[in-house]
Amino acid sequence: GKGHSHWSYEDLKHWSTDYSDCGGTKQSPINVDTDQAIFSPDLRPIQLSGYSLPANKQLKLKNNGHTVVLDLPETLALTGGYAQQYRAVQLHLHWGSPSGPGSEHTINGRRFAAEIHVVHYNTKYDSFTEAMVHPDGLAVLGAFLEVGHGENQYYNEILKHLPEIQEVGQETLVSGFNIAGLLPANLKLYFHYNGSLTTPPCYQTVKWTIFNHTMLLSRDQMSVLVSTLRSPEDELLQNNYRPVQNLHGRRVLASFQ
Ligand SMILES: NS(=O)(=O)c1c(F)c(F)c(SCCc2ccc(C(=O)O)cc2)c(F)c1NC1CCCCCCC1
Ligand SMILES: [Zn+2]
């Protein structure tokens, strides 16, 4: 996209000179200190509607040089857990390398192997680009990915296509599947806080939901994720996560005790 391409995870200091919000006081990601999280019983279970897509619905999967992005139809909606309705825009992943983890958020200082973000915009705005400049404009659902025993069939729907989009700018089509399978079955246990996009322009317009349950992939699947895509420098695209940012007094809420 315009202006996105010349930043990198190497020269983080320049982000705030080129994009002023990146130096703001409501930045993401953050470390969640579970002892400091405030139990909020009014936080309702997250409800997803329209997430199960028929196989004849084709979705665009792209290596945009910073991550792998799956474009999502606006028919996917967040109907619970948020005061207003949000519709899906895209989902993407953050990961590390064979020598270390790469989630963006951390829990009590622990970094997980990888993290999925499902980006939505508030339907009270006419479009995503309009919504993303308003404080209640965006809602991102985040879940951590770890290595477990079995192969994860849902993540396979994305990972099996990564060899087709190794180069920056390459795209392919993915047949529809149940996108909800990429998120934990239990959508009741989560942390909630107000933050930002974790990439320039770093707009401070995201209501974040970070699920407590993690997704399990096989060792081979995680290896494909961290060692297939190439970067704009034509090296392996790895460690595409932003360091955790200062809370500046923000409270993290928890839907559970
Ligand atoms: N964690 S996050 O949600 O902030 C996030 C990242 F951390 C990201 F790193 C990204 S990818 C970097 C931004 C980008 C670059 C190129 C293109 C393109 O060529 O189409 C598109 C986007 C990325 F796309 C997103 N999400 C985007 C935020 C960037 C601008 C609007 C697009 C929807 C959400
Ligand atoms: Zn992200």
Side-chain angles (χ1 to χ4, degrees), residues 1-12 14-16 18-19 21-24 26-30 59-74 76 78 86-96 101-106 111-123 125 127-135 137-145 158 162 165 167-172 182-183 193-211 215 225-226 229-233 237-245:
K2 62 197 179 311
H4 291 297
S5 53
H6 67 284
W7 59 271
S8 84
Y9 287 102
E10 275 65 49
D11 67 343
L12 296 153
H14 294 103
W15 285 21
S16 46
D18 296 345
Y19 305 92
D21 286 3
C22 297
K26 296 176 69 174
Q27 289 292 289
S28 295
I30 60 165
L59 304 172
K60 190 182 82 173
L61 189 74
K62 177 179 180 180
N63 173 351
N64 71 14
H66 304 279
T67 182
V68 54
V69 182
L70 183 68
D71 285 353
L72 296 173
E74 294 192 346
L76 279 65
L78 274 185
Y86 290 80
R87 289 191 177 277
V89 177
Q90 51 108 298
L91 66 83
H92 62 273
L93 302 169
H94 299 268
W95 59 86
S103 68
E104 293 219 292
H105 291 85
T106 59
R111 192 175 302 280
F112 295 79
E115 186 171 335
I116 183 172
H117 289 158
V118 189
V119 183
H120 304 74
Y121 77 95
N122 190 328
T123 53
Y125 302 110
S127 71
F128 168 75
T129 39
E130 163 69 23
M132 75 176 169
V133 296
H134 293 86
L138 302 180
V140 181
L141 304 182
F144 298 116
L145 281 52
I158 293 173
L162 295 193
I165 55 170
E167 302 306 324
V168 176
Q170 285 188 310
E171 306 176 355
T172 191
L182 299 172
L183 294 172
Y193 80 99
N194 292 328
S196 73
L197 297 174
T198 65
T199 179
C202 306
Y203 295 144
Q204 300 182 132
T205 58
V206 179
K207 291 186 174 301
W208 281 95
T209 293
I210 305 294
F211 291 111
M215 306 308 297
L225 176 60
V226 305
L229 300 188
R230 324 262 331 153
S231 72
E233 296 70 39
L237 178 53
Q238 298 179 330
N239 301 306
N240 59 347
Y241 64 91
R242 187 189 192 186
V244 294
Q245 305 293 303

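Heavy atoms only: backbone and side chains are in, while hydrogens, waters and symmetry mates are out. Note that ligands are numbered from 1 as they come in the structure, with each ligand's atoms numbered from 1 the same way.
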* Strictly under 4.0 Å, does any heavy atom of His94 approach an atom of ligand 1? -> yes
* Using heavy atoms and a threshold below 4.0 Å, how should the contact between Trp7 and ligand 1 be classified: side chain, backbone, both, or neither? -> side chain
* Does Asn239 use its side chain to pair, donor to acceptor, with the backbone of Gly102 at less than 3.5 Å? -> no
* To do: Return yes if some donor-acceptor pair links the side-chain N/O of Glu115 with the main-chain N/O of Glu104 below 3.5 Å, else return no.
  => yes
* Going through the checks in order, is the side-chain contact (heavy atoms from CB on, under 4.5 Å) test met by Ile158 and Leu91? -> CA-CA 11 Å; Ile158 293 173; Leu91 66 83; 4.0 Å; yes
* Structure fact -> Quick note on ligand 1: atoms under 4.0 Å from a heavy atom of Lys62 include exactly 18 (C), 19 (O), 20 (O)
* Can you list the ligand 1 atoms lying under 4.0 Å from a non-hydrogen atom of His117? -> 1 (N)
* Asked: Which atom pair, heavy atoms only, marks the closest approach of Leu225 to Ala114?
  -> CD2-CB, 4.0 Å
* To do: Tell me which one of Val89, Thr199, Val118, Val69 gets a heavy atom nearest to atom 5 (C) of ligand 1.
  => Thr199
* Asked: Nearest non-hydrogen atom to atom 34 (C) of ligand 1 belongs to which of Gln90, Glu115, Met132?
  -> Gln90
* What atoms of ligand 1 come closer than 4.0 angstrom to any heavy atom of Glu104? -> 1 (N)
* Is the distance between the ring centroids of Tyr193 and His105 under 6.0 Å? -> yes
* **Parallel, tilted or perpendicular: ring planes of Trp15 versus Trp7, cut at 30 and 60 degrees** => perpendicular
* Side chains of Ser28 and Val206: does their closest heavy-atom pair fall under 4.5 Å? -> no
* Asked: Does Thr67 have a non-hydrogen atom less than 4.0 Å from ligand 1?
  -> yes
* From atom 9 (F) of ligand 1, work out which of Tyr9, Tyr241, Trp208 has a heavy atom at the shortest distance. => Tyr9
